[in-house]
Protein chains: 2
Amino acid sequence: MGITKSEHFTDEQNELATLAKAIGHPARIAIIQHLIKVNSCVCGDIVNELPLAQPTVSQHLKELKNAGLIKGNFEGASICYCLNEEGFNKIRDFFEHINTYLKNKKNQCC
Amino acid sequence: MGITKSEHFTDEQNELATLAKAIGHPARIAIIQHLIKVNSCVCGDIVNELPLAQPTVSQHLKELKNAGLIKGNFEGASICYCLNEEGFNKIRDFFEHINTYLKNKKNQCC
DNA sequence: TCTTTATATTGCAATATTACGATATTAGAA
DNA sequence: TTCTAATATCGTAATATTGCAATATAAAGA
């Protein structure tokens, strides 16, 4: 039906899913990579970096912001975006947990 | 339009997005967590662990498999699922890269 | 063979996502 | 104030995702 049955899952599961989902689009990966590449806040040039129209980029930025993966500050007329450590820490912990498991796993049949 | 303009992004960006997207659903997070929790391959009991009907679970398993995040082996009449190290390594590298950046970042304005 | 058990596939309805043109908003510059 | 530049929001079309009942398939046991 297109509705995710969020109420049947734990808060942690829903939160991790929201973070991963927000990252799950090539334009949003590109935004994250660009923010890392320039190693500073980015004011406005993100639209020029992406092969998408301005309203579309704005929408992707909003989703990353809502998920807690980026932060935006007003910088005069434009806005300054940068990565939000908090969001990335949460999802990093999840992958570290998986990584630790994969290193020590036993009884694997496949 | 609902169409992601994949052709305008790099292979790496599309691949990372596909992996993150596959993880971006609470049911699929729950499947991953269950595979870790039992610390072995899981044959069939995943359906009983989730608050979803069998066809829905089957569909989620298929998506995780297509993304390269789990593997499935036939084990008699049932199927044995476990995590696929390869897929998780790829996305882990991405997050480690981000983590390294966040630790050393300068010139942050937000 | 027939049945049972486990899993996959099909088909469809409900909802979500993606993309963008048009338009609104907001802040500085003239 | 008026103009301009930067960003957000609205509205909408096209497509994707989610979920499940019904059904198909495949393997093992009686």
Side-chain angles (χ1 to χ4, degrees), chain A residues 1-9 13-14 17-31 34-35 41-67 70-82 109-110, chain B residues 1-9 13-14 17-31 34-35 41-67 70-82 109-110:
Chain A
M1 301 160 180
I3 297 182
T4 295
K5 294 190 153 185
S6 313
E7 70 277 12
H8 294 328
F9 298 99
Q13 286 163 346
N14 283 311
T18 300
L19 287 164
K21 196 175 179 184
I23 298 171
H25 190 288
R28 297 194 288 264
I29 295 275
I31 289 170
H34 183 67
L35 287 174
C41 294
V42 162
C43 305
D45 65 345
I46 299 180
V47 172
N48 306 320
E49 290 289 325
L50 294 180
L52 297 168
Q54 178 268 324
T56 309
V57 174
S58 187
Q59 195 173 268
H60 284 305
L61 287 168
K62 191 181 174 187
E63 276 171 68
L64 285 170
K65 206 171 167 186
N66 286 343
I70 64 172
K71 285 187 284 190
N73 276 1
F74 284 92
E75 184 88 354
S78 55
I79 291 187
C80 234
Y81 284 108
C82 63
C109 67
C110 47
Chain B
M1 299 155 185
I3 295 182
T4 294
K5 295 190 154 184
S6 313
E7 70 277 13
H8 293 327
F9 298 98
Q13 286 164 347
N14 282 311
T18 301
L19 287 165
K21 197 175 177 182
I23 297 171
H25 190 288
R28 298 195 286 266
I29 294 275
I31 290 171
H34 183 66
L35 288 172
C41 293
V42 161
C43 305
D45 66 345
I46 300 180
V47 172
N48 306 320
E49 290 290 325
L50 294 180
L52 297 168
Q54 179 267 324
T56 309
V57 174
S58 187
Q59 193 174 271
H60 283 305
L61 287 167
K62 192 180 174 185
E63 276 171 68
L64 285 171
K65 206 172 167 184
N66 287 343
I70 64 172
K71 285 187 285 190
N73 278 1
F74 283 93
E75 183 89 356
S78 55
I79 291 188
C80 233
Y81 284 108
C82 64
C109 67
C110 45

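Each chain gets a letter, A, B and so on, in the order its sequence line appears, and its residues count up from 1.
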Any side-chain heavy atom of A:His34 within less than 4.5 Å of one from A:Leu50? no

Value in whole Å for how far the C1' atom of C:dA8 lies from CG of B:Leu61: 11 Å

Starting at atom CD of B:Glu63, determine the distance to atom P of D:dT17, rounded to an integer number of angstrom. 7 Å

Per nearest nucleotide of DNA chain C, the residue lying toward the 5' end, A:Ile3 or A:Leu52, is A:Ile3

Counting C-beta onward and ignoring hydrogens, is there a side-chain heavy-atom pair between A:His60 and A:Leu52 closer than 4.5 Å? yes

Identify the pairs formed between an N or O of the protein and an N or O of nucleotides 21-24 of chain C at a distance under 3.5 Å, and give each distance.
none

With a 4.0 Å cut-off on heavy atoms, is A:Thr56 in touch with a base, just the backbone sugar-phosphate, or nothing at all? base

For C:dT7, take OP1 and OP2 only and decide whether either is under 4.0 Å from a side-chain N or O of B:Lys62. no

Atom NE2 of B:His25 to atom P of D:dA16: distance rounded to whole Å? 18 Å

Measure from CG on A:Asn66 to P on C:dA16 and round the result to the nearest Å. 15 Å

Validation row: A:Val57, A:Glu49 side chains within 4.5 angstrom (heavy atoms): no

How long is the straight-line distance from CD1 of A:Ile31 back to CD1 of A:Ile46, given to the nearest 0.5 Å? 6.0 Å

Nucleotide D:dA6, atom P - distance to CD of A:Glu49 in whole Å: 15 Å

Go through B:Gln54 and B:Ser58 one step at a time and tell me if the side-chain contact (heavy atoms from CB on, under 4.5 Å) criterion holds. CA-CA 6 Å; B:Gln54 179 267 324; B:Ser58 187; 4.1 Å; yes

OP1, OP2 of D:dT7 versus side-chain N and O of A:Ser58: anything below 4.0 Å? no

Looking only at side-chain N and O atoms, does B:Lys21 come under 4.0 Å of OP1 or OP2 in D:dT17? yes

Quick check on D:dT17: is either OP1 or OP2 less than 4.0 Å from any side-chain nitrogen or oxygen of B:His60? no

Specify the separation, in whole Å, of atom CG of B:Asn48 and atom P of C:dT7. 9 Å

A:Ile31 CD1 to D:dT7 C1', in whole Å, measures 13 Å

B:Leu64 side, atom CG; B:Leu19 side, atom CG - distance, nearest 0.5 Å: 10.5 Å

Atom CD of B:Gln59 and atom P of C:dC12: how far apart are they, to the nearest Å? 15 Å

Do you know the tightest heavy-atom contact between A:Tyr81 and A:Leu61? CE1-CD1, 3.7 Å

